[in-house]
Amino acid sequence: MPTTIKQGSSGDAVREAQFVLARRHYLEAPDVDGDFGPKTDGSVRAFQQDEGLSSDGIVGPNTWNALLAGYSIPPTLKDGSSGQVVHRLQEVINNGRSQFDPGAAALAVDGQYGPRTRAMIEHFQSWGGVASDGIVGLQTWAVSLHAAGQELASAVGV
């Protein structure tokens with residue numbers, strides 16, 4: 001269980017809470033920044049109220065349990081990553097590439113995160129309004145696929 005966090009906190013635990021709040025549609029991908037400010041506080045309070053928890057803006061054990069129910073924190077993918085999650089990411093990115101990289105050739109769906117996958121992810125990140133660094137971290141996983149009504153993490157199944 002991540003550490004207790006509240007307004008003024010920063011770091012990985014905040015980023016994880018923001019990611020799950022984005023997956024639950026209380027925040028958006030650009031808000032997954034690791035800084036627990038007023039927007040995160042308001043989102044936490046709204047989530048707590050909706051879940052019947054004490055709406056105090058503090059993400060302690062009860063709020064973490066409610067936030068994480070049915071969700072997990074996906075892995076960070078970057079150059080050199082490989083495996084089934086990369087394979088599925090490549091499939092999803094290929095399926096949507098006409099939205100964020102029109103005319104681009106399809107990626108080889110080989111489960112290897114290399115230069116072509118990185119380049120396609122950079123286009124996806126720019127389209128999604130997040131930092132275009134080619135690394136699939138929590139902010140990128142939280143990008144909404146708009147028409148599909150789900151985030152990248154949901155589409156990939158992580």
Side-chain angles (χ1 to χ4, degrees), residues 2-3 5-47 50 57 59 64 67-68 70-158:
T3 185
I5 56 173
K6 60 185 179 182
Q7 191 162 352
S9 298
S10 62
D12 290 340
V14 173
R15 195 170 286 105
E16 290 173 4
Q18 291 169 327
F19 165 74
V20 180
L21 286 164
R23 285 196 74 180
R24 292 178 175 274
H25 306 281
Y26 289 88
L27 290 173
E28 295 184 12
D31 302 320
V32 181
D33 61 7
D35 291 320
F36 198 130
K39 190 168 192 175
T40 300
D41 182 70
S43 297
V44 168
R45 289 176 190 270
F47 172 77
D50 290 350
V59 183
W64 275 119
L67 274 173
L68 294 172
Y71 292 95
S72 61
I73 304 300
T76 298
L77 302 177
K78 57 187 177 184
D79 289 325
S81 295
S82 63
Q84 186 58 38
V85 176
V86 175
H87 184 274
R88 183 71 183 121
L89 172 71
Q90 291 167 328
E91 290 176 335
V92 169
I93 290 297
N94 272 341
N95 289 339
R97 74 183 184 280
S98 64
Q99 292 182 42
F100 56 84
D101 197 6
L107 294 171
V109 180
D110 59 6
Q112 301 297 316
Y113 197 110
R116 290 211 53 238
T117 299
R118 179 188 173 98
M120 187 81 71
I121 290 298
E122 288 172 352
H123 286 282
F124 174 77
Q125 290 169 322
S126 292
W127 172 84
V130 300
S132 182
D133 61 6
I135 298 170
V136 183
L138 295 179
Q139 194 176 59
T140 302
W141 283 122
V143 169
S144 172
L145 301 179
H146 302 299
Q150 60 184 336
E151 296 72 35
L152 180 62
S154 297
V156 173
V158 295

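Computation of the quantities below employed the complete heavy-atom set of this structure, encompassing side-chain atoms and omitting hydrogens, waters and symmetry-equivalent molecules. FYI, the numbering just counts along the sequence from 1.
Side chain of Q125 to backbone of D133: a donor-acceptor contact under 3.5 angstrom is found.
Applying the salt bridge (Lys or Arg N to Asp or Glu O under 4.0 Å) test to pairs two or more places apart or on separate chains, those with a residue in residues 91-100 are R88-E91. Sorted by first and then second residue, the ring-ring contact (aromatic ring centres under 6.0 Å, His included) pairs involving residues 6-45 (not counting sequence neighbours) are Y26-F47.
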Begin with the C-alpha distance, continue with both residues' side-chain angles, and end with the deciding distance and a verdict on side-chain contact (heavy atoms from CB on, under 4.5 Å) for V32 and L27.
-> CA-CA 8 Å; V32 181; L27 290 173; 5.7 Å; no

Are I121 and L89 close enough, and set up right, to give a side-chain contact (heavy atoms from CB on, under 4.5 Å), and what steps lead you there?
-> CA-CA 10 Å; I121 290 298; L89 172 71; 4.1 Å; yes

Any chance you could lay out the side-chain contact (heavy atoms from CB on, under 4.5 Å) test for V59 and K6, step after step, and finish with the verdict?
-> CA-CA 6 Å; V59 183; K6 60 185 179 182; over 6 Å; no

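The side-chain contact (heavy atoms from CB on, under 4.5 Å) search around D35 returns S10, D33, not counting sequence neighbours. Under the rule for a side-chain contact (heavy atoms from CB on, under 4.5 Å), the partners of E28 that lie at least two apart in sequence or sit in another chain are P30, D31. Residues satisfying the salt bridge (Lys or Arg N to Asp or Glu O under 4.0 Å) test with R45, not counting sequence neighbours, are D41. Among residues two or more places apart in sequence or in another chain, the side chain to side chain donor-acceptor pair (under 3.5 Å) test is passed with S81 by none. Partners of R15 by salt bridge (Lys or Arg N to Asp or Glu O under 4.0 Å), not counting sequence neighbours, listed by chain and number: D12. With sequence neighbours excluded, the residues forming a side-chain contact (heavy atoms from CB on, under 4.5 Å) with T3 are I5, A13, listed by chain and number. In this structure, the side-chain contact (heavy atoms from CB on, under 4.5 Å) partners of A108, at least two apart in sequence or on a different chain, are D110.
Between E151 and V143, every side-chain heavy-atom pair lies at or beyond the 4.5 Å cut-off. In this structure, Q18 and L138 have side chains that are not in contact, with every pair of non-hydrogen atoms separated by 4.5 Å or more. The shortest side-chain heavy-atom distance between T40 and Q7 does not fall under the 4.5 Å cut-off. Looking at heavy atoms from C-beta onward, Y113 lies in side-chain contact with V136 at the 4.5 angstrom threshold. A heavy-atom distance below 4.5 Å is not found between the side chains of I135 and T140. The side-chain heavy atoms of R23 and S154, taken from C-beta on, include a pair separated by under 4.5 Å.
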Pairs of donor and acceptor atoms involving the side chains of residues 70-80, under 3.5 Å and at least two apart or interchain, shall be tabulated with distances.
{"unit_1": "D79", "atom_1": "OD2", "unit_2": "R118", "atom_2": "NH1", "d": "3.4"}

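Of the residues Q112, E122, Q90, the one that meets the side chain to side chain donor-acceptor pair (under 3.5 Å) test with T117 is Q90.
Taking both residues in full, the closest heavy atoms of L145 and L152 are given as CG-N, 4.1 Å, listed atom of the first, atom of the second, then distance. Pairing each heavy atom of M120 with each of I93, the nearest pair is CG-CG2, 3.0 Å.
Using a 30° and 60° split on the angle between ring planes, F100 and F124 fall in the perpendicular class, above 60°.
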